[in-house]
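Convention: sequence-line order gives letters A, B, ...; per-chain numbering from 1. If you're wondering where the values come from, they're calculated on a predicted model, not measured in any experiment.
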2 protein chains.
Amino acid sequence: MIIEILLVEEIFVADNDCRKNLIVAAVPLFAAKGLNGVSVRELASAAGVNLSMISYYFGGKEGLYAAVLTEQFAILGKLEEIEQMEVDTLQKFELYVRATVSRYRRNPYLLRFYTSELTNPTACFETIIKPAIKRVVQMLLDTFADGLSDRKFRDDLNPTDTVLALAGMINFYFLLEPATAELVDHAPERDEQLIRHIMDIFTRGVLR
Amino acid sequence: MIIEILLVEEIFVADNDCRKNLIVAAVPLFAAKGLNGVSVRELASAAGVNLSMISYYFGGKEGLYAAVLTEQFAILGKLEEIEQMEVDTLQKFELYVRATVSRYRRNPYLLRFYTSELTNPTACFETIIKPAIKRVVQMLLDTFADGLSDRKFRDDLNPTDTVLALAGMINFYFLLEPATAELVDHAPERDEQLIRHIMDIFTRGVLR
DNA sequence: TAAAACTGATCAAACGTTTGAATGATAATT
DNA sequence: AATTATCATTCAAACGTTTGATCAGTTTTA
């Protein structure tokens with residue numbers, strides 16, 4: 001049975017036009033080339049504003065980058081809706097998988113910032129990315145613990161290995177897309193099949 | 001039963017000292033900061049050679065980066081030993097997992113180059129990284145096809161989703177380490193347990 | 001002694017940031 | 001009601017620094 005969920009993920013809107021334009025234009029640029037791969041002139045030009053506005057509003061290029069990451073990861077850390085749902089543990093794992101797919105589809109840049117910071121961390125890693133990731137992993141660990149105390153899950157499984165396996169299955173699928181597009185059909189139409197597939201393998205793996 | 005394998009992975013050694021020093025010094029720098037995050041002066045200084053040697057031997061910074069990636073991914077693409085082994089399909093998947101873990105442990109920079117190019121691709125992506133990744137995925141797909149024709153595996157599974165799930169479980173574990181070190185024990189001593197764990201889940205998922 | 005390896009100095013271009021002036025709207029003063 | 005002062009915002013220009021690359025010259029090697 002498919003769990004119907006409504007994930008409300010409002011987009012942050014700055015009060016100021018110039019400031020907003022900079023963030024909106026910076027997202028795809030930073031996501032594609034990284035912090036050091038984009039120049040302030042490129043950013044300002046893409047936003048259609050004067051380049052000094054970057055320093056004025058964000059204190060510099062790194063400030064703009066931090067603002068972009070803050071906005072992007074505010075979405076990732078929102079797990080309350082999942083946590084508070086009164087469903088069984090397996091369904092909670094499915095909710096996480098569905099939320100992840102939904103977020104990556106809505107925001108195609110999120111995963112790039114995510115993995116870019118994991119591989120080439122900037123100052124933002126410790127302040128923004130690491131806490132967000134730990135939050136997600138901790139939620140998954142708590143869910144697994146619930147499944148254990150319910151005596152639904154196998155008790156011979158390592159909790160961290162198990163939840164990272166689930167997270168890995170769904171995240172790696174999207175991460176690999178640029179390289180495997182010719183080998184694998186990554187069309188959004190297949191998402192439902194992918195989710196069922198992952199949950200199928202995971203369920204067989206963890207159930208008693 | 002654990003499959004004992006000997007993975008011979010010789011390290012490329014340049015005939016020239018200056019050239020070799022540059023590559024050796026460049027690996028951790030490029031891996032940590034990316035192509036744009038390191039300057040030629042930093043590279044030359046770390047290698048203990050004159051700055052102009054980068055252009056002399058590699059035609060420029062990008063040339064050195066390409067040389068580093070070529071060396072790194074020569075290891076990743078070496079799958080012949082796995083392919084030619086006369087073992088059943090499930091054991092072949094386990095060989096892949098073991099080889100992956102072994103390579104990431106021997107070369108802690110490999111995964112970083114790998115994911116860095118996936119998120120922020122340079123000119124090397126199409127020429128070096130993409131072919132290497134496709135090679136690995138194709139090998140896994142072939143192995144799955146063998147398991148299907150042996151009637152060992154479930155025939156209702158999507159082959160690509162299945163092999164990407166396996167690859168995701170093992171790769172994501174290492175990718176996430178910088179963020180989850182406080183939550184998850186990533187010690188090499190646990191690798192054997194991790195491999196068994198992943199193969200356990202995977203086996204239950206794919207077997208008839 | 002010719003070729004290869006290497007050096008220090010130098011180059012133009014690009015970098016991120018800062019400046020001081022100009023703008024227009026709002027608040028305070030007369 | 002008219003004038004002045006203050007404010008945040010925007011701009012073009014220039015700042016000093018760093019970038020990657022080059023080149024003429026020197027040393028080393030064969």
Side-chain angles (χ1 to χ4, degrees), chain A residues 12-70 113 116-117 120-125 127-128, chain B residues 12-70 113 116-117 120-125 127-128:
Chain A
F12 172 78
V13 179
D15 41 341
N16 184 283
D17 254 9
C18 185
R19 195 190 150 92
K20 189 185 71 182
N21 288 348
L22 271 171
I23 291 189
V24 169
V27 168
L29 286 174
F30 277 139
K33 310 184 192 184
L35 172 59
N36 294 317
V38 198
S39 72
V40 285
R41 283 164 180 83
E42 199 177 352
L43 289 162
S45 163
V49 305
N50 190 277
L51 93 164
S52 51
M53 291 299 95
I54 294 172
S55 287
Y56 181 76
Y57 280 110
F58 304 97
K61 190 169 82 157
E62 290 201 35
L64 173 56
Y65 181 74
V68 166
L69 281 196
T70 304
F113 286 115
S116 174
E117 282 290 329
N120 304 131
T122 70
C124 295
F125 179 73
T127 56
I128 304 174
Chain B
F12 172 79
V13 178
D15 41 343
N16 185 283
D17 255 10
C18 184
R19 195 190 151 91
K20 189 186 73 183
N21 287 348
L22 271 171
I23 291 190
V24 168
V27 168
L29 287 174
F30 278 139
K33 310 185 192 184
L35 172 60
N36 295 315
V38 199
S39 72
V40 285
R41 283 160 236 274
E42 200 176 351
L43 290 163
S45 162
V49 304
N50 191 279
L51 175 161
S52 34
M53 288 299 95
I54 294 172
S55 288
Y56 184 75
Y57 281 110
F58 304 97
K61 190 170 82 157
E62 290 202 37
L64 173 56
Y65 182 75
V68 166
L69 281 196
T70 304
F113 286 114
S116 173
E117 282 289 330
N120 303 130
T122 70
C124 293
F125 179 72
T127 56
I128 304 175

Please report the distance, rounded to the nearest Å, between OH in A/Y57 and P in C/dT18.
17 Å
Without swapping roles, check the side chain of B/K61 against the backbone of B/L35 for a donor-acceptor pair under 3.5 Å.
yes
Please assess B/K20 against B/D17 for the test side chain to side chain contact (heavy atoms under 4.5 Å, CB included), listing each intermediate value before the final yes or no.
CA-CA 5 Å; B/K20 189 186 73 183; B/D17 255 10; 3.9 Å; yes
Rounding to a whole Å, what distance do you find between A/I54:CD1 and D/dT10:C1'?
14 Å
From the candidates C/dT7, C/dC6, C/dT19, the one with an atom nearest any side-chain atom of B/C18 is C/dC6
Could you give the CE-to-C1' distance, from B/M53 to C/dG8, as a whole number of Å?
11 Å
If we ignore hydrogens and angles and just use 3.5 Å, is the side chain of B/S55 paired with the main-chain N or O of B/S52 as donor and acceptor?
no
Nearest-angstrom distance from the residue atom CG of A/N21 to P of D/dC11:
11 Å
What is the distance, rounded to the nearest whole Å, between atom CG of B/L43 and atom P of D/dT19?
11 Å
Any chance you could lay out the side chain to side chain contact (heavy atoms under 4.5 Å, CB included) test for A/N36 and B/K33, step after step, and finish with the verdict?
CA-CA 9 Å; A/N36 294 317; B/K33 310 185 192 184; 5.7 Å; no
Under 3.5 Å between N/O atoms: give me all the protein pairs with nucleotides 13-16 of chain C, atom names plus distance.
residue, atom, partner, partner atom, Å
C/dG16, OP1, A/V38, O, 3.4
C/dG16, OP1, A/K61, NZ, 2.5
C/dG16, OP2, A/V40, N, 2.8
C/dG16, N7, A/R41, NH1, 2.9
C/dG16, O6, A/R41, NH2, 3.0

Can you check the B/E62 CD to D/dT19 P distance for me, whole Å?
16 Å
Separation of D/dT19 P from B/L29 CG (nearest whole Å):
13 Å
Quick one: is C/dT17 close enough that its OP1 or OP2 comes under 4.0 Å of any side-chain N or O from A/Y56?
no
Can you check side chain to side chain contact (heavy atoms under 4.5 Å, CB included) on A/Y56 and A/N50, steps first, answer last?
CA-CA 10 Å; A/Y56 181 76; A/N50 190 277; over 6 Å; no
Carefully, step by step, assess A/F30 and A/L64 under the rule side chain to side chain contact (heavy atoms under 4.5 Å, CB included).
CA-CA 10 Å; A/F30 277 139; A/L64 173 56; 4.0 Å; yes
What nucleic acid atoms does A/F58 come within less than 4.0 Å of, heavy atoms only: base, sugar-phosphate, or nothing?
nothing
Working to the nearest 0.5 Å, report the span between CD1 of B/I128 and OG1 of B/T70.
3.5 Å
Taking the side chain of A/N50 as heavy atoms from C-beta outward, which of D/dT22, D/dC11, D/dT10 is closest to it?
D/dC11
